[in-house]
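Working notes, beginning with the structure itself.
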Amino acid sequence: MRISFTEELAQLEAALQEEGDLVLRALRSSLNALARGDEELADEVISFDDEVDRRYMAIETGVQSLLARQTPVAADLRLVLAVLRVNLHLERMADYCVTVAKLTKLMGDLGVSDDGINRSIEDMGQRCEQMIRVAMDAFASRDADKAETLVELDELIDRANRNATEDVLSLGDSPAEREYGLRMLVVSRCVERIGDHAVDIGEQVAYLVTGEFREFSDASHPA
């Protein structure tokens with residue numbers, strides 16, 4: 001029975017890593033669609049979210065089944081709980097990618113673009129891809145130190161988000177420019193939130209390793 005439990009848990013972890021790969025694909029495709037104004041690719045991102053949702057539900061169902069049939073010891077229970085939480089964070093990331101894709105489909109009629117905003121969004125997207133890879137690698141290797149490096153990467157995303165906001169505020173006053181600016185602010189916020197979810201996964205790694213949950217944010221570590 002113990003071998004069966006271990007094997008099932010390993011399968012759930014493998015499925016979680018595969019879900020991470022799907023989210024990376026969705027993120028890159030959504031940002032490529034935005035950069036190119038490619039509505040067809042945006043539609044693919046929106047449709048692709050069904051695959052992420054199926055993976056999410058399969059992991060949820062697998063965990064529920066596992067807990068119903070087995071009684072994990074403390075360390076195994078931490079892993080099961082961490083899998084549940086990481087699964088949710090990945091699904092939320094994919095939802096933000098869908099939002100970016102939907103906003104891309106609304107951009108075409110505006111006829112407005114801004115190189116500074118585009119560069120900030122692209123920089124944020126590349127950082128987020130890096131963060132997702134670091135977070136999932138840290139989870140697979142149970143590397144709490146590696147997970148904590150996500151804080152520094154997230155600060156770079158926050159900086160790019162602020163740059164994008166400043167660029168939006170410097171746009172012109174025409175209705176099209178204001179509408180474009182508002183939509184790009186939402187895009188920037190979506191990408192920034194993906195980075196936050198990667199940090200949350202890192203916190204789950206620390207929980208898994210130490211058995212204690214703590215936030216990586218500065219608010220939790222007063223000087």
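Starting from 1, each residue takes its place in the sequence as its number. Values in this document were obtained by computation on a predicted structure and should not be read as measured data.
The hydrophobic cluster containing Val186 does not contain Val98, counting ILVMFWY residues as joined when their side-chain heavy atoms lie under 4.5 angstrom apart, directly or transitively. Cluster membership check: Ile46 does not share its hydrophobic cluster with Val191, using side-chain heavy-atom separations under 4.5 Å among Ile, Leu, Val, Met, Phe, Trp and Tyr. Leu182 and Ile121 fall into different hydrophobic clusters, where Ile, Leu, Val, Met, Phe, Trp and Tyr side chains are chained together by heavy-atom contacts under 4.5 Å.
Looking at Thr104, its side chain does come within 3.5 Å of a backbone N or O of Val100 through a donor-acceptor pair. Side-chain atoms of Tyr180 never come within 3.5 Å of backbone atoms of Leu171 as a donor-acceptor pair (strictly under, hydrogens ignored). In this structure a side-chain-to-backbone donor-acceptor pair under 3.5 Å is missing from Thr149 to Asp145.
If you check the side chains of Arg25 and Ser29, you find no donor sitting under 3.5 Å from an acceptor.
Heavy atoms only, all atoms of each residue included: Cys128 and Leu27 are closest at CB-CD2, 3.7 Å. When every heavy atom of Val23 is checked against every heavy atom of Met93, the shortest pair comes out as CG1-CB, 3.7 Å. Counting all heavy atoms, side chain and backbone alike, Ile117 lies closest to Ala164 at CG1-O, 4.2 Å. Of all heavy-atom pairs spanning Val45 and Cys97, the tightest one is CG1-O, 3.9 Å. Residues Val205 and Ala138 come closest through the heavy atom pair CG1-O, 3.7 Å. The two residues Leu150 and Met131 make their nearest non-hydrogen contact at CD2-O, 3.4 Å.
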Check residues 195-203 and write down every donor-acceptor pair under 3.5 Å in which the side-chain atom is one partner and the other belongs to a residue at least two apart or another chain.
from: Asp196; atom 1: OD2; to: Arg193; atom 2: NH1; distance (Å): 2.9
from: His197; atom 1: ND1; to: His89; atom 2: ND1; distance (Å): 3.0
from: Glu203; atom 1: OE2; to: Phe216; atom 2: N; distance (Å): 2.8

Listing, residues 34-41 side-chain donor-acceptor contacts under 3.5 Å, not counting sequence neighbours, or none:
from: Asp38; atom 1: OD1; to: Glu40; atom 2: N; distance (Å): 3.1
from: Asp38; atom 1: OD1; to: Leu41; atom 2: N; distance (Å): 2.9

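For Val63, the side chain to side chain contact (heavy atoms under 4.5 Å, CB included) criterion is met by Leu12, Ile59, Leu67, Val80, Val83, Leu84, not counting sequence neighbours. For Asp137, the side chain to side chain contact (heavy atoms under 4.5 Å, CB included) partners are Lys146, not counting sequence neighbours. Shown here are the salt bridge (Lys or Arg N to Asp or Glu O under 4.0 Å) partners of Asp43, two or more places apart in sequence or in another chain: Lys105. Partners of Arg85 under the side chain to side chain contact (heavy atoms under 4.5 Å, CB included) rule, at least two apart in sequence or in another chain, are Leu81, Gln204, Tyr207. Remark: Ala176 pairs with Val112, Ser174 by the side chain to side chain contact (heavy atoms under 4.5 Å, CB included) rule, at least two apart or across chains. Applying the salt bridge (Lys or Arg N to Asp or Glu O under 4.0 Å) criterion to Arg54, with sequence neighbours excluded, gives Glu51.
Between Met184 and Leu103 the shortest side-chain heavy-atom distance does not fall below 4.5 Å. Counting heavy atoms from C-beta outward, Glu91 and Arg55 have side chains that stay 4.5 Å or more apart. Arg119 places a side-chain heavy atom less than 4.5 Å from the side chain of Asp115. Inter-residue side-chain proximity for Met124 and Ile194 is flagged as unmet; no heavy-atom pair is nearer than 4.5 Å.
The CG atom of Leu31 lies 11.0 Å from the CG atom of Asn118; values are rounded to the nearest 0.5 Å. From Glu18, atom CD reaches atom CE of Met136 across 10.5 Å, with rounding to the nearest 0.5 Å. In this structure, Tyr96 OH and Arg189 CZ are separated by 6.5 Å, a value rounded to the nearest 0.5 Å. Residue Ile132 holds its CD1 atom at 12.0 Å from CG of Leu153, rounded to the nearest 0.5 Å. Considering OG1 of Thr6 and CD of Glu8, their distance stands at 9.5 Å, rounded to 0.5 Å. Here CZ of Arg142 is found 5.0 Å from CG of Leu208. Values are rounded to the nearest 0.5 Å.
A ring pair (Phe, Tyr, Trp, His ring centres under 6.0 Å) check over residues 123-144, counting only residues at least two apart or in different chains, returns nothing. Here side-chain hydrogen bond (donor to acceptor under 3.5 Å, both in side chains) pairs that include residues 120-136, with residues two or more places apart or in two chains, are Arg28-Glu129, Glu122-Gln126. Applying the salt bridge (Lys or Arg N to Asp or Glu O under 4.0 Å) rule to pairs touching residues 164-180 yields Glu179-Arg183, sequence neighbours excluded.
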- [ ] Could you please spell out the steps behind the side-chain contact (heavy atoms from CB on, under 4.5 Å) verdict for Leu106 and Lys102?
- [x] CA-CA 7 Å; Leu106 298 174; Lys102 288 180 177 178; 6.0 Å; no
**OP:** Applying side-chain contact (heavy atoms from CB on, under 4.5 Å), run through Val52 and Leu90 and close with a yes or a no.
**Re:** CA-CA 9 Å; Val52 178; Leu90 291 173; over 6 Å; no
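Grouped with Leu88 in one hydrophobic cluster are Tyr56, Met57, the linkage being side-chain heavy-atom contacts under 4.5 Å among Ile, Leu, Val, Met, Phe, Trp and Tyr residues.
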